[in-house]
Amino acid sequence: MWDERSAARSRLLGVTDLDDMSLREASFAWLRSRMLVQPVFTRDELGQAQILGQPMRLVGTQTGIWKPRQMGAALSILTGYYADSERRPYADEFGADEMLRYKWRGTDRDHADNRALRRAMETVAPLIWFVGVGTVPGSKAQLFQPVMPVWLVAEESEQHQFVVALEESQRSLVDRGHVHTSEVERRYNLTTARRRLHQPVFRSMVLLAYQQRCAICRLPFSELLDAAHIKADTDGGSASVSNGLALCKIHHGAFDADILGISPDYKVAIKESVLETFDGPTLQHALKEMHGKGLAQLPSRKIERPQRELLDERYQRFLRAS
């Protein structure tokens, strides 16, 4: 339960559940309006929000769990970006029920940050999850993509973590503090996580790493770019940048259809039957002229570049299809 010290502090600040929800909804509205033109944000930008006419940070300066002083429960959680996922200090992972977990701060359940999360869970308050997707070019400043709303629906004290729901319907899967799922519900949870979290975050990570350009032709319009998996997530492929390629719509379609292949040494190959076809400038310039060329755009960090083993596996499929 929300302890008496926290309750007394909230009363001292004049915070009520109604005040909390008003600020929460206004924070969501502020973010949504800016996401129409800006999908990702730095910590500094998220620290300069104007909510209901007053300045209010949406994230802390360093912490991953944030409760503004004007609110009675946590407003946001944050996961940093690590090009090498093995370096992450906190492992926010799926459970056997295919619902996500968010780790406590440390192991003390009574830490102020953990109490703030618990209060959000008890009051069914929606939160913002800021997920790290890369860094500002030429800088170490991280960029975060908001995923909202999310809810904390259960607490697993022995594992020092909370269960996260990405849709309201997932809240009904919790009974007496435990998640109960059938096989159908587990598949639904996995599909929801891919749609609400992994797909948009993967796209942002890949496009940022490739500087918003197609890896093959360097087309610079993000509206015409996709984040293509080398190994599909349905086949066990990870949502890491090294399992992705930024491709324009034409090259993504050709890659998925095995008309276009990319070898482990980053060379483009076009299916023989397509090379033998003559049918206008689009075919000539967009596909046939790419044959034998190296990738024109790659991430500056080697760890973010396409994994050669994954490319080889995919390239063998292309050769079989050719």
Side-chain angles (χ1 to χ4, degrees), residues 38-43 45 78-89 92 130-147 194 197-233 235-256 260-270 286-287 290-318:
Q38 178 183 354
V40 295
F41 303 82
T42 64
R43 273 190 192 261
E45 289 170 331
L78 178 147
T79 301
Y81 175 74
Y82 290 85
D84 180 359
S85 60
E86 298 298 320
R87 291 183 54 231
R88 288 189 305 172
D92 303 315
F130 292 107
V131 182
V133 293
T135 57
V136 176
S139 166
K140 293 184 179 180
Q142 291 207 9
L143 291 164
F144 299 93
Q145 179 161 334
V147 178
R194 284 174 177 159
L197 182 67
H198 284 175
Q199 290 173 359
V201 167
F202 179 70
R203 183 180 191 277
S204 292
M205 289 194 302
V206 171
L207 265 58
L208 279 169
Y210 284 80
Q211 298 181 38
Q212 314 285 341
R213 290 182 179 272
C214 174
I216 293 173
C217 66
R218 301 194 77 243
L219 185 77
F221 302 107
S222 60
E223 299 89 343
L224 299 176
L225 298 179
D226 294 329
H229 284 83
I230 300 170
K231 184 172 185 175
D233 52 4
D235 294 330
S238 70
S240 61
V241 175
S242 60
N243 184 39
L245 292 158
L247 298 176
C248 68
K249 302 291 184 182
I250 289 178
H251 291 137
H252 187 189
F255 185 66
D256 282 354
L260 178 153
I262 301 172
S263 70
D265 59 352
Y266 300 157
K267 294 289 180 65
V268 177
I270 302 298
L287 291 175
M290 298 297 112
H291 183 67
K293 292 186 176 181
L295 292 180
Q297 185 77 28
L298 283 167
S300 57
R301 296 180 182 177
K302 289 184 178 180
I303 197 170
E304 294 180 329
R305 293 176 184 174
Q307 289 186 43
R308 296 182 188 273
E309 297 82 359
L310 295 178
L311 281 177
D312 184 48
E313 181 182 328
R314 184 65 182 263
Y315 192 64
Q316 296 308 313
R317 192 183 92 177
F318 163 78

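Hydrogens, waters and symmetry mates are skipped; everything else that's a heavy atom, side chains included, is used.
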Participant: Show me the pairs that pass ring pair (Phe, Tyr, Trp, His ring centres under 6.0 Å) and involve residues 295-317, at least two apart or across chains.
Facilitator: Tyr315-Phe318
Participant: Can you name the side-chain contact (heavy atoms from CB on, under 4.5 Å) partners of Pro306, sequence neighbours left out?
Facilitator: Tyr210, Ile230, Leu245, Tyr266, Leu298, Leu311
Participant: So does Ile250 have more than 12 non-hydrogen atoms from other groups sitting under 6.0 Å from CD1?
Facilitator: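 Check fails, neighbour count at 12 or below.
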Participant: Using the test salt bridge (charged side-chain N to carboxylate O under 4.0 Å, His left out), find all partners of Arg308 that sit at least two apart in sequence or belong to another chain.
Facilitator: none
Participant: Restricting to side-chain contact (heavy atoms from CB on, under 4.5 Å), what partner residues turn up for Gln316, sequence neighbours left out?
Facilitator: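 With sequence neighbours excluded, Gln316 shows a side-chain contact (heavy atoms from CB on, under 4.5 Å) to Asp312, Leu319, Arg320, given in chain and number order.
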Participant: Can you tell me which residue pairs pass the salt bridge (charged side-chain N to carboxylate O under 4.0 Å, His left out) test with a partner in residues 131-141, sequence neighbours excluded?
Facilitator: none
Participant: His291: which residues meet the ring-ring contact (aromatic ring centres under 6.0 Å, His included) condition with it, sequence neighbours left out?
Facilitator: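 Here no residue qualifies.
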Participant: Sequence neighbours left out, what passes side-chain contact (heavy atoms from CB on, under 4.5 Å) with Arg203? Give chain and number order.
Facilitator: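 side-chain contact (heavy atoms from CB on, under 4.5 Å) check on Arg203 returns Leu207, Ala227.
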Participant: List the steps and the verdict of side chain to side chain contact (heavy atoms under 4.5 Å, CB included) for Ile262 and Lys267.
Facilitator: CA-CA 5 Å; Ile262 301 172; Lys267 294 289 180 65; over 6 Å; no
Participant: Write out all pairs satisfying salt bridge (charged side-chain N to carboxylate O under 4.0 Å, His left out) with one or both partners inside residues 204-228, taking only residues at least two apart or from two chains.
Facilitator: Asp226-Lys249
Participant: Got a sec, which residues hit ring-ring contact (aromatic ring centres under 6.0 Å, His included) with Phe202, two or more places apart in sequence or on another chain?
Facilitator: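 Testing Phe202 for ring-ring contact (aromatic ring centres under 6.0 Å, His included), a comparison that skips the adjacent residues, returns His229.
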Participant: Taking side-chain contact (heavy atoms from CB on, under 4.5 Å) as the definition, give me every residue that meets it alongside Gln142, ordered by chain and number, with sequence neighbours left out.
Facilitator: Tyr81, Thr135, Phe144
Participant: Please identify each residue that fulfils salt bridge (charged side-chain N to carboxylate O under 4.0 Å, His left out) with Arg314, with sequence neighbours left out.
Facilitator: Asp256
Participant: Check ring-ring contact (aromatic ring centres under 6.0 Å, His included) between His252 and all other residues, then give those that pass, not counting sequence neighbours.
Facilitator: none
